[in-house]
Amino acid sequence: MGAAMRRIHVGNALSAFGLGFTVPYLYVYVAQVRGLGAMTAGLVLAVFAVAALIVLPFAGRAIVRRGPLPVLLVALVTAAIGALSLGLSNSAATVLVSASALGAGQAVMQPALATMIVDCSTMENRSRAFAMQFFLQNLGLGVGGLIGGHLVDPTKAGSFVLLFAIEAAMFLLLVVVMATVRMPRAPRVEGAPSASTKGSWKQLLGNRAMVQLCVLGFVLFFACYGQFESGLSAYGVEAAGISTSALGTALAANTLMIVVAQFAVLRFVERRKRSRVIASVGLIWAVAWAVAGYAGLGNGSQTMATAAFISTYALFGLGESLLSPTLAPLVADLAPAGMAGQYNSAFALVKQLALAVGPAVGGPLGASLHGPYVVIFLLFSLGITVLAVRLGRQLTEVQNQPSLARSRVVVQGNAAAGQAPAHA
């Protein structure tokens, strides 16, 4: 990795650390520590999603026009102000305003950092760069949540003020780190659309492959991430009788699987067509939902049900490790020159929509309609496979399998040196 990429990865780790530091404790902080009630706490969590949906359509245009680095710095300062003011807020109005600033800043960080990775990587190392990003994000979230959990005390508001102050300091430290980045310009992938001086949504919507990828992305995030802390956890508690400690173990198994498998699957991913990798994720997640069905609807012992439920989260983690070096690089390779920011923002917007709709749909289903819940999301997983296969028909050979471009370069180099390329 070059110096710029190393700083970008530091930025990913620090931003994830800041999120993990406070997000798991927002509900307790607002509802109990500040005494504002469950309704206000729920509104705060909703404000995060609403703020993201509002700013992301404009973030893409800003990244195209100004570049990802200035947009990232503004987002970091906004998030730092929101975090610090949230720690000092003691009324519903100030809490909601602070949460909107923090949510907006965090939402813009994602496409800005992703665009910086695109600009600092090449087709050959882009998958590894995004795999490293996903690895560091999960590591940062886990470490941040662990440390934050030991610092907070629900009986002392000052401990939460310290927590939010540290989060704000992380964002400001990240401003200093990122301000030193010197951005190169990465070469474009063969088959990408031509450049445009206007990063318009109309042009993006005219890219049929990108539209299909966004539909696929919505189903992916809706059927997986949108269920983790809502429908699937409710299903585990209500249908499978999973204890809160076992639920925590399941979440830990998901993170552990990602950490262990992320770089182990890279060689497999890099040698396969991206559409087939995504299709395999749908099959893996279908198996995960089937295992979850056994946990809640089977006749085995409680120990077997708990083991099956933990395995469900681990299987989801395996699928996530396959997606991280696949989805984000594909978004970048579909974007015309100079429009990576627009495309990254659009895909982030789709993700936020899925994360907003997923819990609202999955929560009630998982808590009450156990059988239909498992069947519906098992079918959604199989739908991922179908959509991935259809997407593959819209991609060029190099977009679908970047390793082909490396092979062509090697063959051309050998031919130039007087060696005849071998026939397939």
Side-chain angles (χ1 to χ4, degrees), residues 1-19 59-60 63-64 66-76 79 106 108-144 170-189 192 258-259 261-267 269-270 274 320-335 337-345 347-348 398-399 402-403 405-406 409:
M1 294 184 296
M5 186 66 82
R6 285 195 295 270
R7 287 177 172 83
I8 293 169
H9 284 320
V10 169
N12 277 304
L14 287 177
S15 62
F17 179 81
L19 288 175
I63 293 172
V64 169
R66 304 296 182 186
L69 184 55
V71 174
L72 175 62
L73 296 179
V74 172
L76 288 170
Q106 290 174 351
V108 176
M109 287 180 207
Q110 298 176 27
L113 284 167
T115 305
M116 292 177 73
I117 290 177
V118 172
D119 290 344
C120 291
S121 63
T122 64
M123 184 176 55
E124 288 77 13
N125 62 15
R126 190 164 292 150
S127 292
R128 290 181 175 272
F130 277 103
M132 176 64 76
Q133 179 199 35
F134 189 68
F135 172 81
L136 291 174
Q137 283 178 341
N138 279 276
L139 189 62
L141 285 170
V143 173
M170 288 294 102
F171 292 138
L172 295 178
L173 174 61
L174 188 49
V175 169
V176 176
V177 173
M178 301 310 293
T180 64
V181 174
R182 296 295 177 263
M183 296 295 299
R185 181 60 59 180
R188 298 308 304 158
V189 172
I258 292 171
V259 171
Q262 183 61 87
F263 296 104
V265 302
L266 261 178
R267 189 177 297 275
V269 170
E270 290 175 335
R274 286 166 167 170
E320 292 174 76
S321 66
L322 290 170
L323 286 177
S324 61
T326 306
L327 277 182
L330 181 54
V331 173
D333 292 347
L334 288 175
M339 282 188 63
Q342 183 90 29
Y343 278 56
N344 282 323
S345 295
F347 200 71
V398 174
Q399 287 172 340
S403 60
R406 292 196 293 269
V409 169

For F130 and A114, the nearest pair of non-hydrogen atoms, with its separation, is CZ-O, 3.7 Å

Is the closest side-chain heavy-atom distance between R274 and P329 below 4.5 Å?
yes

Write down the atom of A179, the atom of L73, and the distance for their closest heavy-atom approach.
N-CD2, 4.3 Å

Heavy-atom closest pair (P325 atom, S127 atom, distance to 0.1 Å) is O-OG, 3.1 Å

Verify side chain to side chain donor-acceptor pair (under 3.5 Å) between N12 and Q133, making sure each step is shown before the conclusion.
CA-CA 6 Å; N12 277 304; Q133 179 199 35; 3.2 Å; yes

Rounded to the nearest 0.5 angstrom, the CZ-CE distance for F263 and M132 is 4.0 Å

Let me see the working for L14 and V10 under side-chain contact (heavy atoms from CB on, under 4.5 Å), right down to the final yes or no.
CA-CA 6 Å; L14 287 177; V10 169; 3.9 Å; yes

Looking at V108, N344, V118, I8, which hits side chain to side chain contact (heavy atoms under 4.5 Å, CB included) with L113?
I8

Could you go through F347 and Q110, starting from their C-alpha distance and side-chain angles, then the distance that decides it, and tell me whether this counts as side-chain contact (heavy atoms from CB on, under 4.5 Å)?
CA-CA 10 Å; F347 200 71; Q110 298 176 27; over 6 Å; no

Atom CZ of R126 and atom CD1 of I117: how far apart are they, to the nearest 0.5 Å?
10.0 Å

Rounded distance (nearest 0.5 Å) linking atom CZ of F135 with atom CG of L266:
11.5 Å

Pairwise distance CG(L72) to CG(L174) - rounded to 0.5 angstrom:
6.0 Å

Hey, what do you get for CG (L76) to CG (L173), rounding to the nearest 0.5 Å?
10.0 Å

Euclidean distance, Q137 CD relative to S15 OG, rounded to 0.5 Å
6.5 Å

Please give me the minimum heavy-atom distance between G341 and I63, naming the atom from each residue.
CA-CG2, 3.4 Å

Check M339 against V64 and note the closest heavy-atom contact, atom names and distance.
CA-CG2, 4.1 Å

Ignoring hydrogens and geometry, is there a side-chain-to-backbone donor-acceptor pair from T180 to V177 under 3.5 Å?
yes

Closest non-hydrogen contact found for M178 with M116 is CE-CE, 3.4 Å

